[in-house]
There are 2 protein chains.
Amino acid sequence: MNLKQLAEELGLSQTTVSRALNGYPEVSEGTRRRVQEAAEQHNYRPNTRAKGLATGRSMMIGHVIPASTQHEMVNPVFGDFVAGASIACANRGYDTMFTRVDDGDEEAAYRSLMGKGSVDGVILQVPKIHDSRIALLKRIGLPFAVHGRSSDVTDSYNWVDVNNTSAFRRATEFLIDLGHRRIALINGLEIMDFAKRRRDGYTSALEAAGIAVDPSLMSSEEMTEVSGHHQTRDLLESATPPTAILVASMISALGVRRAIEEAGLKMGKDISVITHDDDLSYLKNGQDVPIFTATRSSVRNAGSILAEILIDSIATPLSPPRHKLLEAELVVGRSTGPAPA
Amino acid sequence: MNLKQLAEELGLSQTTVSRALNGYPEVSEGTRRRVQEAAEQHNYRPNTRAKGLATGRSMMIGHVIPASTQHEMVNPVFGDFVAGASIACANRGYDTMFTRVDDGDEEAAYRSLMGKGSVDGVILQVPKIHDSRIALLKRIGLPFAVHGRSSDVTDSYNWVDVNNTSAFRRATEFLIDLGHRRIALINGLEIMDFAKRRRDGYTSALEAAGIAVDPSLMSSEEMTEVSGHHQTRDLLESATPPTAILVASMISALGVRRAIEEAGLKMGKDISVITHDDDLSYLKNGQDVPIFTATRSSVRNAGSILAEILIDSIATPLSPPRHKLLEAELVVGRSTGPAPA
DNA sequence: TACGCCATCCAAAGCGCTTTGAAAGGCGAG
DNA sequence: CTCGCCTTTCAAAGCGCTTTGGATGGCGTA
């Protein structure tokens with residue numbers, strides 16, 4: 001059933017039917033009701049492509065996933081972030097689309113999305129410290145919003161980010177207050193912006209407490225269970241192991257815990273652990289008492305806010321970019337305790 | 001830049017330009033090259049919606065995620081499965097779209113996707129034992145393919161599934177061979193088809209070995225870390241705890257391991273564990289030696305195969321449905337050992 | 001020279017919708 | 001009764017592409 005058929009059936013013009021369904025005022029209430037009922041009854045839905053062609057909008061938000069970041073961090077948070085974003089999009093009538101891009105083809109991919117007109121805007125994830133995608137998108141004029149920030153980019157743009165620096169400063173201070181002095185940082189890859197900020201928070205807290213930053217206590221890798229495990233094992237096997245470890249992700253933290261237990265140590269007693277927790281719905285940090293002491297911030301919530309910002313900026317293209325800095329909450333669980341004497 | 005402009009610039013008709021770009025034979029090679037170069041140079045991409053309108057195809061594959069299954073199992077495998085499917089789709093020129101659906105609105109959602117013409121086909125995940133979506137999609141004529149099967153549906157349809165029954169039978173036999181007699185099963189929700197099949201495999205192996213099936217050793221819940229943990233704790237606290245546990249997912253298995261270690265037991269020595277491993281790229285089962293003995297089957301690979309099947313069936317609507325049963329591989333890791341005397 | 005046949009290219013219709021510009025009808029004011 | 005003004009409805013153009021059904025011209029053949 002298409003508009004033409006529906007109009008014929010009702011004995012009205014396509015114009016009137018279209019207007020009735022789209023809530024325009026130039027239609028009498030009686031007619032509108034009649035049209036709506038007929039549409040309902042025939043299960044009529046305007047064809048997306050035709051509507052898009054006519055309006056010039058695709059009502060679609062794109063997520064572009066570079067192949068290289070598929071292992072780095074995207075996957076774990078991916079599901080929840082996207083869920084948050086896509087629910088927000090759906091509420092505003094937007095669909096969600098995915099594009100996976102081979103490394104190096106990013107420019108082509110964005111140009112293609114823009115050229116083909118398949119999306120009205122895109123969401124970027126895990127920006128690097130210097131991320132050329134932002135300048136690129138500005139240049140080609142494709143609306144976008146970033147989950148995270150890119151330190152080297154001074155232009156303003158839409159973003160939502162967790163305050164990684166303050167979260168990790170706070171976590172480090174918490175450990176220092178518990179008497180820890182040898183605190184390790186198991187970070188994500190430090191080309192990633194969030195990783196740099198977390199490190200900054202960590203080092204600034206150490207420095208403020210007069211503790212020398214020890215490079216041998218810091219490592220940065222992809223955030224997987226396996227890598228968390230071997231980084232921790234290396235730390236524990238060193239001559240002077242840390243008494244506390246700060247971890248950048250729940251996934252890594254699972255590996256950290258495994259290494260600790262394999263070494264016959266007890267987490268929260270022999271060694272303390274704080275992790276960042278994206279509050280993933282399928283990897284909850286315990287039910288009532290958290291397993292890990294953690295800096296927690298819902299990535300799902302971030303997705304939702306970011307989608308709103310992007311859609312608003314599509315609706316009013318001339319308005320200035322918006323952004324939001326979310327503060328992570330420090331939840332105290334069983335993985336932290338006083339430094340061993 | 002659109003087709004009209006490009007055609008004007010070249011001094012050709014839109015027809016010729018379109019044909020040149022789409023590889024039709026009625027264009028001389030010289031002209032084709034000239035057109036291709038101009039298109040390249042002006043960065044021309046045919047507008048998706050216009051093309052879709054004209055051809056009647058959207059070149060889009062949809063994934064529909066019911067809200068209720070968002071916690072159940074979808075999330076962990078979600079990322080990898082979708083990655084596999086979307087790469088395969090992209091190779092065939094298809095984009096990937098997501099729709100999240102509130103419970104009970106599934107019928108409306110599929111009808112809407114169909115009516116709006118926004119997708120050429122959809123992929124279904126985690127079917128239940130009796131899943132009404134399959135009949136619905138057949139009824140409304142929207143091409144689809146299922147990741148998994150639905151036992152109660154006798155009609156034929158496109159699917160890809162792991163042989164859950166044989167995988168879990170094999171795993172159970174492996175434990176029996178190691179001398180285990182009290183083997184527990186921590187399963188996913190048993191309305192889900194895969195969970196039923198895994199249970200069938202488990203019970204059939206027990207029966208074949210003349211071991212009575214003990215309902216107190218079987219539980220079925222959402223497959224999260226937290227639920228794996230408390231189900232294991234309950235098992236271990238019972239009067240006659242199992243000597244081995246079969247687990248339906250890596251995520252649950254992480255919780256299982258935590259409970260085992262909290263109880264002061266050693267996995268692989270005091271108690272054996274076998275899990276199903278979807279070979280998730282961000283939650284690898286160890287690097288060289290697997291952490292867990294596992295029935296392994298790449299969900300990413302399944303996604304890829306399923307997408308191919310769906311796209312083929314869209315291309316040739318009259319061809320009979322296709323399906324593929326993947327055999328899981330039993331990888332032996334450190335989590336299993338002889339039953340304690 | 002005349003004819004027919006390819007190879008190559010084109011004009012125009014059509015996909016299903018929105019939206020502009022105009023017509024038709026109803027009604028009160030003059 | 002006529003005029004002008006709303007309100008309600010409509011015909012038709014246009015969005016950017018594909019595709020049908022020609023047109024055109026070059027070339028070999030008779």
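Here is the naming used below: chain letters follow the sequence lines, and residue numbers restart at 1 for every chain.
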Would you give me the side-chain donor-acceptor pairs under 3.5 Å for residues 301-311 of chain A, sequence neighbours excluded?
{"from": "A:E308", "atom 1": "OE1", "to": "A:R92", "atom 2": "NH1", "distance (Å)": "2.7"}

Whole angstroms only, please: what is the NZ-C1' distance between B:K4 and C:dA12?
13 Å

When you list every nucleotide of DNA chain D with an atom under 4.0 Å from a heavy atom of chain A, which one comes first 5' to 3', and which comes last?
D:dT8 to D:dG16

Hey, does A:L10 have a side-chain heavy atom less than 4.5 Å from the side chain of A:V17?
yes

For B:E37, give me all partners under side chain to side chain contact (heavy atoms under 4.5 Å, CB included), at least two apart in sequence or on another chain.
B:R33

Please identify each residue that fulfils side chain to side chain contact (heavy atoms under 4.5 Å, CB included) with A:N91, with sequence neighbours left out.
A:I87

Would you say the side-chain atoms of B:R32 pair up with the backbone N or O of B:Y24, donor to acceptor, closer than 3.5 Å?
yes

Polar side-chain atom of A:R100 near backbone of A:I65 as donor-acceptor pair, under 3.5 Å:
no

With the threshold set at under 4.0 Å for non-hydrogen atoms, list the residues of residues 7-34 of chain B touching DNA chain D in residue-number order.
B:Q14, B:T15, B:S18, B:R19, B:N22, B:Y24

Mind checking what makes side chain to side chain contact (heavy atoms under 4.5 Å, CB included) contact with A:A54, not counting sequence neighbours?
none

Residues in side chain to side chain contact (heavy atoms under 4.5 Å, CB included) contact with A:E9, at least two apart in sequence or another chain:
A:H42

Among A:R149, A:H147, A:K324, which residue meets the side-chain hydrogen bond (donor to acceptor under 3.5 Å, both in side chains) test with A:D161?
A:R149

Which of residues 53-61 of chain A sit near DNA chain D, with a heavy atom under 4.0 Å from it?
A:L53, A:A54

Non-neighbouring partners of A:H130 that pass ring pair (Phe, Tyr, Trp, His ring centres under 6.0 Å), sequence neighbours left out
none

For B:Y110, all residues meeting ring pair (Phe, Tyr, Trp, His ring centres under 6.0 Å), sequence neighbours excluded
none

Rounding to the nearest 10°, end axes of the helix from C:dT1-D:dA30 to C:dG30-D:dC1 built from five pairs each make an angle of 70°

Among residues at least two apart in sequence or on other chains, which ones pass side chain to side chain donor-acceptor pair (under 3.5 Å) with A:S298?
none

